[in-house]
Number of protein chains: 2
Amino acid sequence: MLGRGEDVDHEGRPERAGPASGRRQWGPVTDTDRRPPRRSQQERRETTVARLLDATIETIVEVGYYRTTVQAVCVRAGLSAGAMFRQFDSRLALIAASADEVSRRLLDLFGSAVDRLTREADPLLAALEFLREAASSPLTDVWRELMIAARTDAELLDRIREPIARFYDGIYASAEQAGLLDQIPPPAREVTLYSMVHMFSGEAMTRVVYPRPDLEPQRLRLAHQVALDPPEV
Amino acid sequence: MLGRGEDVDHEGRPERAGPASGRRQWGPVTDTDRRPPRRSQQERRETTVARLLDATIETIVEVGYYRTTVQAVCVRAGLSAGAMFRQFDSRLALIAASADEVSRRLLDLFGSAVDRLTREADPLLAALEFLREAASSPLTDVWRELMIAARTDAELLDRIREPIARFYDGIYASAEQAGLLDQIPPPAREVTLYSMVHMFSGEAMTRVVYPRPDLEPQRLRLAHQVALDPPEV
DNA sequence: CAACTTAGAGAGCAAGCGCTTCCTATCTTA
DNA sequence: TAAGATAGGAAGCGCTTGCTCTCTAAGTTG
């Protein structure tokens, strides 16, 4: 029932003719003209992979890790399963590549947010609000799906460990570099940042099954207080 | 490959003869003696259900929610799939009953711990240490598996909402009743408790993929500080 | 242009899934 | 004790899974 027979759009044709392929003049539409413009193997490959990664991430967001089947991803990407298996050795390889992509996108998100945050009136508070938003975003839903699945899947664990570490190391580096942690003594910076991430992640995770919107503003104040008065170490 | 052909023990026979069934004297073992002692239908039913719930919880802990198949549970319980479907309408019904059982066990755990904690030298610190331990226990692994799965499964969500709410309401009631939150102004008690639960849960969840044992003692201090100086609300 | 390589589609495979059906053995009841 | 109800086992159903195989169309290379 899920997406069965769905009319997939996702431009089945390349979006633009490309400057290098201007081999035709304008004129009457002939049969030859109707054919898709020439694209190199590398171009085809790259757009296919990009579409598969997009589709995988979207599918994990919408139906969760386990129901992200090869079939579901390929229908969404507008490709056949055969096409997918040409680019990736296995479903797990596709998942791993998607995890890499998620890590990259999240680091982009944090990196660009951090720049903006330092120009806010109260950078610290703005940073905490951003942290909550980020922890509630679809991309972190993917993160949680993968972390939970990895607990009982050694092979998956092995494959996502690196991108996850890159993420945690990266957000700390961003915050540090932007000076958002300047008011916190250096040895307490990591616990403080990661603990607030955990807290907001738990908030987002619990919201689904036990929503407590009344507590959320209070939690922001709690986080603010922690950041202003971090633990001695 | 996982657990394939595993030799399951789990006593396939009832564990004890039971005081009510002492119909035989000691003597030579006859064919009749080899038969299991008489048990009422209700008894059989109850032990079967209990074994299924145990097996389901253990299976979720070991292989995760999605790989907790009817087959896997029944092999572990030493029963056939048919037996399971006589007691539960569907796999989901089995899962829901197990969620109920997990809620009950966790509340027991918190309830009995809380009694002990109030007699400690520093009840607050002891409570926070217990909170961390509890958040790292197999039963809360089950909790997280179900919460993540419920995000993308409306029917599961519907079924586990109630036991989860009972859990959160219950641990707050326990802590309150034992006086563990006395030093925190009443309106700040819920945020504080639940935020620390989220924090330690995030710690446990992340430990698998990005272990930071160096930060854990610092995090306990952070929690202690939050509890001693909760947010104003 | 000819020979070769590669991208992708589509059909099909064994294995595993939740669940049903049917049968036997045990328990209950009159 | 005979008749009916129930617990549990075994086989198997339709369906989906990850993945393979084969074939065609398109790009690349000499």
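Convention: sequence-line order gives letters A, B, ...; per-chain numbering from 1.
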Send over the distance from [X] [atom1] to [N] [atom2], rounded to a whole Å.
| X | N | atom1 | atom2 | value |
| --- | --- | --- | --- | --- |
| A:E46 | D:dG27 | CD | P | 15 Å |
| B:R67 | C:dA15 | CZ | C1' | 15 Å |
| A:M84 | D:dT20 | CE | P | 10 Å |
| A:F88 | C:dA7 | CZ | P | 12 Å |
| A:E43 | C:dG8 | CD | C1' | 16 Å |
| A:Q41 | D:dT28 | CD | C1' | 7 Å |

- Assign B:R86 to base, sugar-phosphate, or nothing according to its heavy-atom contacts below 4.0 angstrom with the strands shown. base
- Message: I want to check a possible cation-pi pair here: B:R104 against B:F110, using under 6.0 Å from ring centre and within 45° of the ring axis as the test.
- Response: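 No, B:R104 does not sit over the ring of B:F110.
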- Item | A:T140-A:S137 side chain donor-acceptor pair, cut-off 3.5 Å | yes
[X], nearest nucleotide to its side chain (from [options]):
| X | options | result |
| --- | --- | --- |
| B:V70 | C:dA7, C:dG10, C:dG18 | C:dG18 |
| A:R45 | C:dA7, D:dG9, C:dT26 | C:dA7 |
| B:S80 | C:dG18, C:dG8, D:dG8 | D:dG8 |
| A:S90 | D:dG9, C:dC17, D:dC19 | D:dC19 |
| A:A83 | C:dA9, D:dG8, C:dC19 | C:dA9 |
| A:R44 | D:dG27, C:dG18, D:dC19 | D:dG27 |

- Taking the six-membered ring for Trp and the single ring otherwise, decide whether the centroids of A:F167 and B:Y210 are under 6.0 Å apart. no
- Query: So, the side chain of B:S201 versus the backbone of B:V197: is there a donor-acceptor pair under 3.5 Å, distance only?
  - Reply: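 No, because the side chain of B:S201 does not come within donor-acceptor range (under 3.5 Å) of the backbone of B:V197.
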